[in-house]
Structures are given as structure tokens and as C-alpha cells.
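Note sheet for the following structure.
Proteins come first, then strands; the chains are lettered A, B, ... in the order of their sequence lines, and each starts at number 1.
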Protein chains: 2
Amino acid sequence: MTDLTAIKTTEAASVRAGNRALSVMERIRSFILDGTVHAGERMNEVRLSKSLDVSRTPVRAALQALAGEGLLDYAPNRGFIVREFPLGVIVDAYEIRASLEGLAARFAAERGLSDSERATIEKSLVAGDELLSRGEFAEGDLLIYRGINGDFHDTLLAAARNRMLSEMIRICHHVPMSSSRNIVAFEHRDVRRRHDDHHRIYEAIMASEPWRAEAVMREHVSSVRASLVKSLTHRGQ
Amino acid sequence: MTDLTAIKTTEAASVRAGNRALSVMERIRSFILDGTVHAGERMNEVRLSKSLDVSRTPVRAALQALAGEGLLDYAPNRGFIVREFPLGVIVDAYEIRASLEGLAARFAAERGLSDSERATIEKSLVAGDELLSRGEFAEGDLLIYRGINGDFHDTLLAAARNRMLSEMIRICHHVPMSSSRNIVAFEHRDVRRRHDDHHRIYEAIMASEPWRAEAVMREHVSSVRASLVKSLTHRGQ
DNA sequence: ATTGCAGTAAGTGTGTACACTTTTTCTTCG
DNA sequence: CGAAGAAAAAGTGTACACACTTACTGCAAT
């Protein structure tokens, strides 16, 4: 038996599934996200068991967990099938995320930031300023900005101090193509504009203007959705 | 073996767990909500198995499903424990619901209502008008209004045509004390005001004013939260 | 008395057998 | 040749046994 007990326990707190089941869950998730299994396809438990070299028990646990995250659908006596994510659903997910992250920004403004949170956010702002100051992107810069962007949003979410909110936003991120780590528009000007939003959000929070923080954050995420729609309708496909 | 194969398959679509597991899930959920098991308590699988007279397998499935809904926490090799819901979390849940239902109202306004949805909502509005017209509540009237209120919100949610949104709102409802079926303020005037909100939301939707529908709905749910807070801080407890 | 360390009990994690349901395939009749 | 139905195959649902981990208890040493 493969002794791969090295598992990311880092995974978002409350999620179920013990040792083996957890790693199986991640593997199946990647099957779904990288298109190894197609949308609408049935997840055959015995086949998965054999291909992952575990029994059906952890496979079932993983499938149930993924259904809880909304990646799979369940029908009694018929098992799990890969949920479809048509464009409309993906776009809606951005809208939901906009509402929820707006709320998170408001909570953060109401509740205040810890020292380390403030430090992390300020670091991300400075790093972004620096990256953008050259006026042009070098190779790999976008990857770096992806990290900066993720730090900003994750930290703000933590500062909201609400688990349910975190989990819901996490679910939005798991919708294919909908992660905040995906920088949709690659133009320098667009990234600059979004980074400026970050500054404004932080200002609003530090000025204890929950209302304004919420509004700016909503618009911020919403504008990413708009960019996505534009880039998809523009290039055909 | 007890042959209770009569199970509500009506339960919200994508949720996992086959025949027996589903009924077990409902039973465990009620244990949690009615306080049979206390917050922070561990959910012993073998004990539950015996007390519910099924094997551990469906119990585990049910527990995982409930963890997916956020009612339970999971820790590897340590099982499931009942999540705590301090007042702050409950209040926050209303705020989250306000955001999400606001979004649902906007979607409904953008996407339009089907004939049957329009009929259901109009019926709920008329029924509410009638109930309120007497100026005073008789015994059982509040129970009736609970149904009317539920119909209104459920129908609007369906009209939003977004599953992820529905599921998230459903999760909010499962937070103890946070259901839209709980009429928090029992004063005639409060109910009248909320019912008037329903009218305005419907007007906004029919007038294709997504923006206004969202704003009114947000305020509508938020005001319930405010009433809850007031009623809890007022009566001590 | 307190701390540390077995040894043991309790509890979760996984594998597997079998029951039941669904789906497919093959046969038979129109 | 097509459709309906029955048998078979495939697949999910549940129970249970055993492995492994965690929690507890009691004893010994300081």
C-alpha cells in the first residue's frame, strides 16, 4: 500500500474527510478542473477506486465532500456526476463573490485589522505599486501580481472574522475560471486600475468607512466579471 | 430492520446521501437544532448508529453532509463536533442573507418571472394584505404569515435561477434562529412594514428595476436582523 | 501530591462482502 | 425491422470486520 501520509492539512478548516480521503478528494478535484473527466460525466466509484488504488470508502467520502463544495451533483442510487458550469453560472459566481467580498470588506472596516493584517496588506500595496511603476510588464510579472492580489483578498477576508463568509467565498473560487488568482484582463492599464481599487478599499477601511469599503470592493470584483465577459465575447469562443 | 423507506426526496437537489443516509441526516439535524446535542459536543458515530438503529456508514455520510452545510466541524481522526453559533455569528448570517437575497431579487428583476411564479407571489401579497387588514392578529395568524413569507422568498429565489445562490441562502437558513420562517418581531406594525417591503420589491421587479429590487430586499432582510438584535438585547437573556 | 509513562479502552479510517437499484443487453413477439 | 420485456451486468447502498489513532485510566517514580 502506498504510504503517502504527507497530506496538505492546510486545506480550509472545516472540510471533512480523514487522511486518505482528503488526498483522494484533491486528486479527484484536479481530475475535474483539468478536464480529465468531462462535465455531465458520471463518477464511477469502482473505477475511481481502482485508478486511485484505494477502496470505495474514501472515494465515496471524497465525492460527498466535493458535492458539498458544489462541484458534483448527487442523485440517489445513481451516484455523483460532474456539474456543468456554463458561462452564465461562472459570470453569476463573480456577482455572488462581489456581494460577499463587499460584505467582507465592510466587516473588516467595522471590526478593524490586526497589526499583522495591516502589515500584510500594506506590503501587498507597496509591492503592487513597485511592479506597476515600470509602466510595462516583464515576463512573469503577471504571475507575481497574482500572488499580490491573492494576499490582499485573503487577508481582508480573514479580517472579516466570519467563517461562513469565508467558506462561501471559497466555494465561489472553486468554480472553474472564477478564482481571484486568475487575472482575467492582462492589460497593464486594467491591472493598474484594479490595484488602485485595492488602495481605495484599504483607505476606506482605515478611515472606518465600512459603507465605502463595501461599495468599492463590490465594484472591484464586478469589474473583473465585466472584463471576463468582454474578453470572452471579444475573442469569439 | 425498520422498513422506513418513506423519505423526503424533496430535500434540496444536489445534497448527497442515499435513501437511508438522507433520513438519518434529517434526524441528526433535528438533534442539533432542538438542542438534543449541545454545541461543541462530539458526534459519536457508534452511539448514533445504535440510537438510530442503522450502521455507521449512513451515519458517516449524514455527518459529512451536515459538515458541508456548516452545522458540524470535522477534525481528522477525531470526528465531527457540533459547531457553536454565538450571537455574533447568527447576526452575521442575517447580513450575509441580506446580501445574497438582495442579489437574488436583482437577478429575478433582470431575468423576469414565469407566469406561475408571478401568480404565487401575487397570491402571497393578497393573502398578506387580507391577514393584516384586520389591524390585529388572532391566534395562529403569525403561523399563517410565516407560510406566506416563506412562499414569497422561496419563489423569488427560484426566479433568480441560480443554484449556487439558492444553496448559499439555504445554508443561511439552517443557521439556528436565522430562518426566514422565524418571524422575529411579533408586533403587528412590524409585520405590516415587512409585508409592505414585499409589495415594493415586487413592484421593482415588475418595473424591471433590478437595482431598486436589490436595495429594498437588502434593507428588508437587514431590518429583520435589527429586530432580532433589539428583541434580544431588550429582554435581557 | 504531581508528573510521566504504560496499558487499555474507546473511536475513527478503510477494506470488503452482499443487498438492492439501475442500466444495458439479448431475446421474443408483433 | 422495431418494440417490449426479461435476464444479466454494472453500480450504488449498507453492514460489518479489522487496522490505526486518540483518549483515558491507573500505576510507579520523583
(request) Send over the distance from A:Asn77 CG to C:dT24 P, rounded to a whole Å. (result) 15 Å
(message) With nearest nucleotide decided by heavy atoms, which residue, B:Thr57 or B:Met43, maps closer to the 5′ end of DNA chain C?
(response) B:Met43
(request) Check the distance between C:dT14's P and A:Met25's CE and give it to me in whole angstrom. (result) 14 Å
(message) Nearest whole Å is fine: how far is C:dT14 P from A:Leu22 CG?
(response) 10 Å
(message) Can you confirm whether the side chains of A:Arg106 and B:Ser99 place a donor and an acceptor under 3.5 Å from each other?
(response) no
(request) Report yes if at least one side-chain N or O of B:Ser55 is closer than 4.0 Å to OP1 or OP2 of D:dA15; otherwise report no. (result) yes
(request) Would you give the length of the straight line joining atom CZ of A:Arg170 to atom CG of A:Leu100, rounded to the nearest 0.5 angstrom? (result) 13.5 Å
(message) Any non-hydrogen side-chain atom of B:Val24 less than 4.5 Å from a side-chain atom of B:Leu63?
(response) no
(request) Round to a whole Å and report the spacing from CG of A:Leu63 to C1' of D:dG13. (result) 14 Å
(message) Between B:Arg60 and C:dG13, is there a contact of a side-chain N or O with OP1 or OP2 at under 4.0 Å?
(response) yes
(message) For the residue pair B:Tyr74 / B:Gln64, report whether a side-chain donor-acceptor contact shorter than 3.5 Å exists.
(response) no
(request) Compare side-chain N and O positions of A:Arg56 against OP1 and OP2 of D:dG13 and report whether any pair is under 4.0 Å apart. (result) no
(message) Whether A:Asn44 contacts D:dG11 is assessed here as follows: a side-chain N or O lying under 4.0 Å from the phosphate OP1 or OP2. Is that the case?
(response) yes
(request) Take atom CG of A:Asp53 and atom P of C:dG15, then tell me their distance rounded to the nearest Å. (result) 9 Å
(request) Please state how far atom CZ in A:Arg78 lies from atom P in D:dG13, giving the value in whole angstrom units. (result) 11 Å
(request) Return the value, rounded to whole Å, for the distance between atom CZ of B:Arg20 and atom P of C:dA19. (result) 13 Å
(request) Send over the distance from B:Lys50 NZ to C:dT12 P, rounded to a whole Å. (result) 12 Å
(request) Please state whether the rings of B:His220 and B:His198 are parallel, tilted or perpendicular, taking 30° and 60° as the class boundaries. (result) perpendicular
(message) Quick check for you: among C:dT14, C:dG15, D:dT12, whose closest atom lies nearest to any side-chain atom of A:Asn19?
(response) C:dT14
(request) Give a yes/no answer on whether the side chain of A:Arg42 brings an N or O atom under 4.0 Å of OP1 or OP2 in D:dA10. (result) no
